[in-house]
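Quick note on labels: first sequence line is chain A, next is B, and so on, each numbered from 1. These numbers come from the heavy atoms of this one structure, side chains and all, not from hydrogens, waters or symmetry mates.
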There are 2 protein chains.
Amino acid sequence: MNVITIRDVAQAAGLSLSSVSRALNGGKNVSARVARDVVAAADRLGYQPDFLARSLRTRTSGMVGCLVSDISNPLNATIVQAAEARLREAGYMLVVVSTGNDPARERAAALEFRGRRLDGMLVSPGSDANEKTWRELVAGGTAVVILDRDPLEGDGDNRWPAVLVDHRAGAKAATRYLIGLGHRRIALLTADERMRPSRERIAGFREVFAEMGIDPAGARLCIQASPMDFAHGHTLAILRADGAPTAIVALGTRILAGVLRAARDLGLSVPRDLSVLSVGDTDLAAVHTPAITALRWSLEDIGRAAAELLLQRLRGDVGQAQHRALLPVDLVLRDSCAPPARS
Amino acid sequence: MNVITIRDVAQAAGLSLSSVSRALNGGKNVSARVARDVVAAADRLGYQPDFLARSLRTRTSGMVGCLVSDISNPLNATIVQAAEARLREAGYMLVVVSTGNDPARERAAALEFRGRRLDGMLVSPGSDANEKTWRELVAGGTAVVILDRDPLEGDGDNRWPAVLVDHRAGAKAATRYLIGLGHRRIALLTADERMRPSRERIAGFREVFAEMGIDPAGARLCIQASPMDFAHGHTLAILRADGAPTAIVALGTRILAGVLRAARDLGLSVPRDLSVLSVGDTDLAAVHTPAITALRWSLEDIGRAAAELLLQRLRGDVGQAQHRALLPVDLVLRDSCAPPARS
DNA sequence: AAGGATTATGGAAACGATTTCAACAAGCGG
DNA sequence: CCGCTTGTTGAAATCGTTTCCATAATCCTT
């Protein structure tokens with residue numbers, strides 16, 4: 001079962017390789033007769049071009065890589081899927097690799113991408129450790145777009161193309177809302193502070209406390225950096241301690257699940273005894289009884305915007321093109337927050 | 001910023017291309033001196049091989065494709081991630097494409113995979129429509145492993161390599177359990193009957209009814225084929241009708257969410273007024289109050305087993321190798337099922 | 001109708017690796 | 001010391017395309 005090449009087509013049509021190639025690529029300088037014959041022969045033989053050979057010659061692979069911490073996380077998966085749809089539309093194929101936030105694997109994958117001559121990359125770095133790698137790639141001609149991270153926040157003018165979510169504004173809205181309800185002791189359960197989303201959220205939180213003239217120390221603003229899977233135990237500990245928070249802001253499905261389970265274990269009723277607010281809107285938040293008030297942003301928009309930014313660069317429109325997109329965050333009011341009980 | 005090739009390494013080391021290639025690929029017949037010099041030169045220059053060129057020559061790309069209906073579905077994503085981890089370990093790179101169960105896109109992606117000379121594919125066909133495509137691929141030398149589908153169930157001996165989940169046994173266990181609790185009117189909300197998982201579940205269901213001598217017609221065994229997003233409305237309709245079911249078996253996160261929401265809307269208490277059993281164990285099922293009894297199987301195992309099967313074929317161990325893996329399903333008892341109220 | 005400008009065609013050289021093959025060196029037994 | 005085997009090395013072919021360049025053909029202009 002031998003594959004048929006452009007040679008076979010040329011022979012079948014009684015033409016030269018160059019003519020066939022030109023005809024198939026819709027190049028100029030092709031007579032109608034030749035075009036017709038070539039297409040006919042190609043169809044008859046069932047010719048399928050070899051992308052590898054083509055890529056080798058043209059030095060563009062038509063593939064785009066995506067580095068993400070964990071594709072089994074629905075939030076990431078949704079972003080990736082939206083990006084993939086847009087990129088496929090434009091003729092690119094998306095290759096996804098989960099790095100588990102391990103800088104070594106991140107770097108290895110990035111180098112492999114380069115070795116495979118991928119045209120561009122969407123990356124969501126797990127830390128700032130690989131800044132050098134991204135620089136290398138960019139210098140080597142790879143188009144890179146960052147997903148909701150900002151490894152070079154202080155770099156002034158020459159910033160990375162990136163798609164960012166306005167987590168700070170979201171956190172501020174949530175905090176204002178809870179403080180407005182009367183809460184003063186609020187726990188914020190979020191991931192590692194080194195990553196942009198958490199960093200921004202924490203900053204937003206603090207800003208609002210300062211704005212309102214509330215001392216954040218007395219407020220028991222509480223940030224946890226332990227892995228997500230410990231959320232359940234961690235929450236139990238927090239809620240059992242003296243001066244336990246009256247409201248908890250929890251990041252994402254996993255932590256939210258831990259918090260809700262902890263509340264149930266302690267016999268606390270939401271929202272009577274404890275207000276809960278989810279950062280990120282998931283099935284769990286929407287369906288839980290009571291339904292959980294949540295911060296929501298569009299994952300599809302992130303994926304689409306990232307793809308669009310990358311396509312811009314792949315087309316070479318780097319000049320006046322915008323470098324970054326900032327996506328809004330909404331506060332979806334549901335039933336899981338209420339004024340705190342008398343304390 | 002020109003990329004450096006094997007030529008440059010050869011020149012720097014004062015050797016021929018062939019020697020360098022042999023040395024780098026750990027081939028035989030390489031003197032210690034040459035090996036040392038080559039590695040030194042390659043390191044010094046920062047040489048990175050071009051996978052494209054290599055693939056073109058060796059006719060193997062080191063890439064494996066994965067066709068899946070929807071990567072943003074956590075169940076699929078988990079499978080994919082496990083497979084990816086195993087394949088990466090073996091030096092392969094996984095390319096994932098979401099097809100949305102559209103046969104045309106499926107076929108297009110499969111052909112593109114072939115055009116890019118992917119060595120193998122994991123596919124989870126959305127229907128039987130593309131049977132011909134898979135046959136073509138296999139005939140063309142691509143290793144194909146099917147994920148929890150069985151497009152050629154009746155084919156006797158020459159079956160596809162596939163990883164299957166024992167949905168039938170799972171459904172039987174669930175059905176026996178519900179009938180044992182006293183339920184007679186059970187609704188089964190599941191996807192399109194054309195796909196193996198649903199087909200098997202329905203068969204299992206029916207088997208148990210027959211086994212127990214219960215007439216399935218009177219039992220209101222009820223199968224819905226409408227898209228998942230309509231689960232909420234559909235459930236409302238079912239529960240409002242005469243002879244409404246006393247138990248609902250719901251497939252996956254989305255449908256389960258719809259069912260729970262419908263129950264809440266109607267003021268039905270789970271499990272007092274309605275027993276609910278989830279097919280597939282998700283965060284939502286585990287955390288919901290009450291916690292939802294669920295059928296569980298290991299997604300990681302599916303991914304790993306599929307990768308293993310594919311690697312076997314890629315290594316050419318087709319002979320005595322086993323064609324397929326059958327994975328078990330467990331019934332996880334929680335709090336969402338109880339004997340039906342007096343009707 | 002001739003000359004120059006444009007356009008269609010085919011031959012051959014890339015692209016960057018692997019692999020075959022022949023040449024050459026060294027080791028070894030007799 | 002010769003012939004044979006074994007082990008190293010480099011030149012060249014190859015993978016399937018695209019693209020540069022030279023040449024042949026066609027068109028337009030005066």
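- Listed by chain and number, the residues in a salt bridge (Lys or Arg N to Asp or Glu O under 4.0 Å) with R22(A) amount to none (sequence neighbours excluded).
- Put simply, CZ on R116(B) is 14 Å from P on dT17(D), counting in whole angstrom units.
- For S16(A), the side chain to side chain donor-acceptor pair (under 3.5 Å) test picks out S18(A), S19(A), with sequence neighbours left out.
- The CD1 atom of I4(A) sits 15 Å away from the P atom of dC15(D) (whole-angstrom rounding).
- Using a 4.0 Å heavy-atom cutoff across all strands shown, L15(A) reaches sugar-phosphate atoms only and no base atom.
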For this session: List the steps, then state whether side chain to side chain contact (heavy atoms under 4.5 Å, CB included) holds for L164(B) with R196(B).
Result: CA-CA 9 Å; L164(B) 304 173; R196(B) 176 177 187 281; 3.7 Å; yes
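- Residue pairs meeting the side-chain hydrogen bond (donor to acceptor under 3.5 Å, both in side chains) criterion with at least one partner in residues 94-103 of chain B, sequence neighbours excluded, are Q81(A)-S98(B).
- For T5(B), there are no side chain to side chain donor-acceptor pair (under 3.5 Å) partners two or more places apart in sequence or in a different chain.
- An OP1 or OP2 oxygen of dG10(C) is reached within less than 4.0 angstrom by a side-chain nitrogen or oxygen of S16(A).
- Legend: residues meeting salt bridge (Lys or Arg N to Asp or Glu O under 4.0 Å) with R86(B), ordered by chain and number and at least two apart, are E89(B), E308(B).
- The shortest distance between side-chain heavy atoms of F113(A) and M93(B) falls below 4.5 Å.
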Problem set entry | Contact letters for nucleotides 18-27 of chain D, in which S counts primed atoms plus P, OP1 and OP2 and B counts the base, heavy atoms under 4.0 Å | BBB-------
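- Atom CD in Q11(A) sits about 13 Å away from atom P in dG10(C), given to the nearest Å.
- P197(A) is not listed as a side-chain neighbour of V165(A), based on a closest heavy-atom distance of 4.5 Å or more.
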Set out, line by line, the N/O atom pairs under 3.5 Å between protein and nucleotides 5-8 of chain C.
from   : atom 1 : to     : atom 2 : distance (Å)
dA8(C) : OP2    : N29(A) : N      : 3.3
dA8(C) : OP2    : N29(A) : OD1    : 2.9

For this session: Before giving the answer on side chain to side chain contact (heavy atoms under 4.5 Å, CB included), spell out for D150(A) and I146(A) the whole-Å C-alpha distance, their side-chain angles and the decisive distance to 0.1 Å.
Result: CA-CA 7 Å; D150(A) 205 347; I146(A) 307 281; over 6 Å; no
Identify all pairs in which a protein N or O lies below 3.5 Å from an N or O of nucleotides 22-24 of chain C, and state each distance.
none

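- Residues meeting the side chain to side chain contact (heavy atoms under 4.5 Å, CB included) test with Q11(B), sequence neighbours left out: none.
- Distance CG/L327(B) to CG/D148(B): 9.0 Å, rounded to 0.5 Å.
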Exercise. Could you walk me through whether S61(B) and R117(B) pass the side-chain hydrogen bond (donor to acceptor under 3.5 Å, both in side chains) check?
Worked result: CA-CA 6 Å; S61(B) 62; R117(B) 295 276 125 86; over 6 Å; no
Exercise answer: donor-acceptor pairs, residues 32-43 of chain A side-chain atoms, under 3.5 Å, sequence neighbours excluded:
none

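- Residue pairs meeting the salt bridge (charged side-chain N to carboxylate O under 4.0 Å, His left out) criterion with at least one member in residues 52-70 of chain B: none, sequence neighbours excluded.
- Separating the CZ atom of R7(A) from the C1' atom of dC15(D) is a distance of 10 Å, rounded to the nearest angstrom.
- The CG atom of D8(B) sits 9 Å away from the P atom of dG16(C) (whole-angstrom rounding).
- Between the C1' atom of dT18(C) and the CZ atom of R59(B) lies a distance of 13 Å, rounded to the nearest Å.
- Taking atom CG of L56(A) as the reference point, atom P of dA13(C) lies 17 Å away to the nearest angstrom.
- Overall, the helix from dA1(C)-dT30(D) to dG30(C)-dC1(D) carries an axis bend of 40° between its ends, with five pairs at each end and the value rounded to 10°.
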